[in-house]
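Heads up, the thing below is written out as structure tokens.
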Amino acid sequence: MHTFTGHTGELYTVVCSPTDPVLVATGGGDDRGFLWKIGQGDWASELQGHKDSVSSLAFSTDGQLLASGSLDGIIQIWDITSANQKSTLEGPGGGIEWVRWHPRGHVVLAGSEDSTVWMWNGDKGSYLQLFSGHGGSVTCGDFTPDGKTICTGSNDASLRIWNPKSGENIHVVQGHPYHSAGLTCLAISSDSTLAVTGSEDGSVHIVNITTGKVVSSLASHSDSVECIGLAPSFPWAATGGMDNKLIIWDLQHSLPRSTCDHEDGVTCLTWLGVSRYLATGCADGKVRLWDSLSGDCVRTFNGHSEPIQSLSVSANKDFLVSVSTDGTARVFEIEEYKQAIYPS
């Protein structure tokens with residue numbers, strides 16, 4: 001299958017277009033991003049201008065714009081139709097940790113190593129809001145799916161819940177019974193009510209976004225939790241950690257359904273659309289597909305020689321794209337897994 005070799009350094013991030021089934025964006029340590037197309041090896045468009053590693057990428061929900069965030073503290077907005085740069089977003093005094101789009105508009109949100117969170121108008125490149133209060137690098141964050149709230153996690157061991165319009169900090173979730181070390185990842189439920197967060201301390205907590213209260217704790221990982229993914233249409237979560245485990249959780253009962261052992265740390269994961277399968281990226285360089293019902297590994301994809309850093313599924317759910325510190329992006333065919341439905 002397709003391997004993209006346009007980069008000249010480690011790769012850190014990959015994202016597939018939500019609308020174009022073959023369009024992929026990748027970014028890495030060569031200070032470059034690329035737009036390229038699955039199965040069209042002769043087509044690539046370089047995203048130029050960053051002065052440090054491209055650490056995060058995100059397509060707008062309508063697929064029209066791409067945001068590239070860099071450790072240089074700058075975010076660039078790209079027009080997908082023309083592949084031209086549309087605007088440059090400035091403000092943060094440290095590297096960009098992550099970038100996200102509002103679910104229904106061209107509004108960009110980003111967290112920085114300097115402990116701040118910024119929001120801009122992606123069309124105009126204009127500043128909208130600064131969210132200040134964290135005491136350390138803002139490692140994860142997002143809008144709720146209804147677009148009405150922002151959740152951010154930091155290595156100061158807190159989750160903060162914000163009003164996007166006013167910039168007001170509605171809740172700070174911190175201290176016992178919450179995480180005792182920095183947050184590494186978060187996911188928000190499709191109904192915008194719950195935030196599921198993972199930490200360097202190996203714990204996973206579920207927070208009610210409305211009340212700011214910890215409603216449940218999922219304790220099973222014995223090392224840092226690196227990734228969280230919520231199943232799109234049933235109440236299960238998946239967490240991956242440096243303890244070499246993928247754990248599938250039943251959120252309604254806060255119990256682990258299955259534990260899936262790996263040869264090395266689990267660095268990233270993604271559910272394969274609404275199927276019962278999910279993929280993990282591992283520090284051993286392998287990409288594995290798992291049946292969340294049985295907990296069995298149904299497929300192992302080889303090819304990478306170094307740790308997997310990021311995974312993304314194509315818009316039509318036919319392809320899984322992985323990137324690694326080995327400097328390559330690889331495309332795997334997963335069409336046979338996308339129709340497998342889970343229990344009702």
Side-chain angles (χ1 to χ4, degrees), residues 2 4 6-7 11-28 32-40 42-50 54-70 72 74-92 96-111 117-129 141-150 164-165 188 190 192 232 270 273-274 310-321 323 329 331:
H2 192 136
F4 180 74
H7 288 274
L11 288 191
Y12 302 133
T13 179
V14 58
V15 61
C16 293
S17 162
T19 52
D20 181 336
V22 296
L23 187 64
V24 182
T26 49
R32 296 191 297 177
F34 276 100
L35 280 168
W36 50 276
K37 293 182 178 179
I38 297 170
Q40 298 177 33
D42 54 349
W43 190 91
S45 180
E46 186 179 341
L47 310 175
Q48 297 175 321
H50 284 299
V54 176
S55 51
S56 50
L57 293 164
F59 280 99
S60 58
T61 314
D62 59 15
Q64 291 177 6
L65 300 176
L66 174 73
S68 60
S70 167
D72 62 13
I74 302 285
I75 293 168
Q76 294 181 350
I77 305 298
W78 306 85
D79 181 279
I80 293 307
T81 311
S82 65
N84 290 332
Q85 188 179 332
K86 188 178 176 77
S87 60
T88 300
L89 312 180
E90 302 184 47
I96 304 300
E97 287 271 14
W98 49 270
V99 57
R100 296 285 185 272
W101 291 87
H102 190 278
R104 280 182 306 283
H106 288 173
V107 171
V108 182
L109 185 71
V117 180
W118 296 69
M119 192 170 75
W120 300 266
N121 179 314
D123 285 321
K124 300 174 183 169
S126 55
Y127 160 86
L128 292 175
Q129 197 65 259
D142 208 345
F143 290 100
T144 51
D146 63 12
K148 294 177 180 173
T149 310
I150 288 167
K165 282 204 170 75
I188 301 172
S190 57
S192 301
T270 181
V274 296
S310 180
L311 293 168
S312 187
V313 179
S314 65
N316 60 5
K317 313 297 185 268
D318 284 352
F319 304 107
L320 175 67
V321 188
V323 297
V331 181

Using 0.5 Å steps for rounding, measure from the OG atom of Ser70 to the OH atom of Tyr12. 11.0 Å
Between the CD atom in Gln48 and the CZ atom in Arg32, the distance rounded to the nearest 0.5 Å is 8.0 Å
With rounding to the nearest 0.5 angstrom, report the CD1 to NZ distance, Ile77 to Lys124. 14.5 Å
List the atom of Thr61, the atom of Pro18, and the distance in Å for their closest heavy-atom pair. O-CG, 3.6 Å
Is the Trp101-Phe59 ring centre distance short of 6.0 angstrom? no
Gly122 backbone acceptor or donor facing His106 side chain under 3.5 Å: no
What is the minimum heavy-atom distance between Gly147 and Pro164, and which atoms define it? O-CG, 4.2 Å
Could you walk me through whether Trp120 and Ile75 pass the side chain to side chain contact (heavy atoms under 4.5 Å, CB included) check? CA-CA 10 Å; Trp120 300 266; Ile75 293 168; 3.5 Å; yes
Yes or no on side chain to side chain contact (heavy atoms under 4.5 Å, CB included) for Met119 and His102, after CA distance, side-chain angles and deciding distance? CA-CA 10 Å; Met119 192 170 75; His102 190 278; over 6 Å; no
Judged by atom type as modelled, is there a donor-acceptor pair below 3.5 Å linking the side chain of Ser17 to the main-chain atoms of Gly63? no
If we only count heavy atoms from C-beta on, is the Ile188 to Pro145 side-chain gap below 4.5 Å? yes
Full working for side chain to side chain contact (heavy atoms under 4.5 Å, CB included) between Phe319 and Val24: CA-CA 11 Å; Phe319 304 107; Val24 182; over 6 Å; no
Over all heavy atoms of both residues, which pair between Lys165 and Gln129 is shortest? Give the atoms and the distance, please. O-NE2, 2.9 Å
Indicate the ring-plane relationship of Phe4 and His7, choosing parallel, tilted or perpendicular according to the 30° and 60° boundaries. perpendicular
Is any side-chain heavy atom of Val117 less than 4.5 Å from a side-chain heavy atom of Trp98? yes
Could you please spell out the steps behind the side chain to side chain contact (heavy atoms under 4.5 Å, CB included) verdict for Glu90 and Ile74? CA-CA 5 Å; Glu90 302 184 47; Ile74 302 285; 3.5 Å; yes
Out of curiosity, Asn121 CG to Tyr127 OH, how far, rounded to the nearest 0.5 Å? 13.5 Å
List the atom of Leu57, the atom of Ser68, and the distance in Å for their closest heavy-atom pair. CD2-CB, 3.5 Å
Keeping Ser55 on the side-chain end and Gly69 on the backbone end, is there a donor-acceptor pair under 3.5 Å? yes
If you round to the nearest 0.5 Å, how far is CH2 of Trp118 from CG of Leu89? 11.0 Å
In short, Gln64 meets Ser60 closest at the heavy-atom pair N-OG, 3.3 Å
To check you understand the geometry: which heavy-atom pair defines the closest contact between Pro21 and Ser314, and what is its length? O-CB, 3.5 Å
Hey, does Trp78 have a side-chain heavy atom less than 4.5 Å from the side chain of Leu35? no
Flag, side chain of Thr144 to backbone of Thr149, donor-acceptor distance under 3.5 Å: yes
Leu66 side, atom CG; Leu47 side, atom CG - distance, nearest 0.5 Å: 6.0 Å
Is it the case that the side chain of Arg104 and the backbone of Asp146 share a donor-acceptor pair, with hydrogens and angles ignored and the cut-off at 3.5 Å? yes
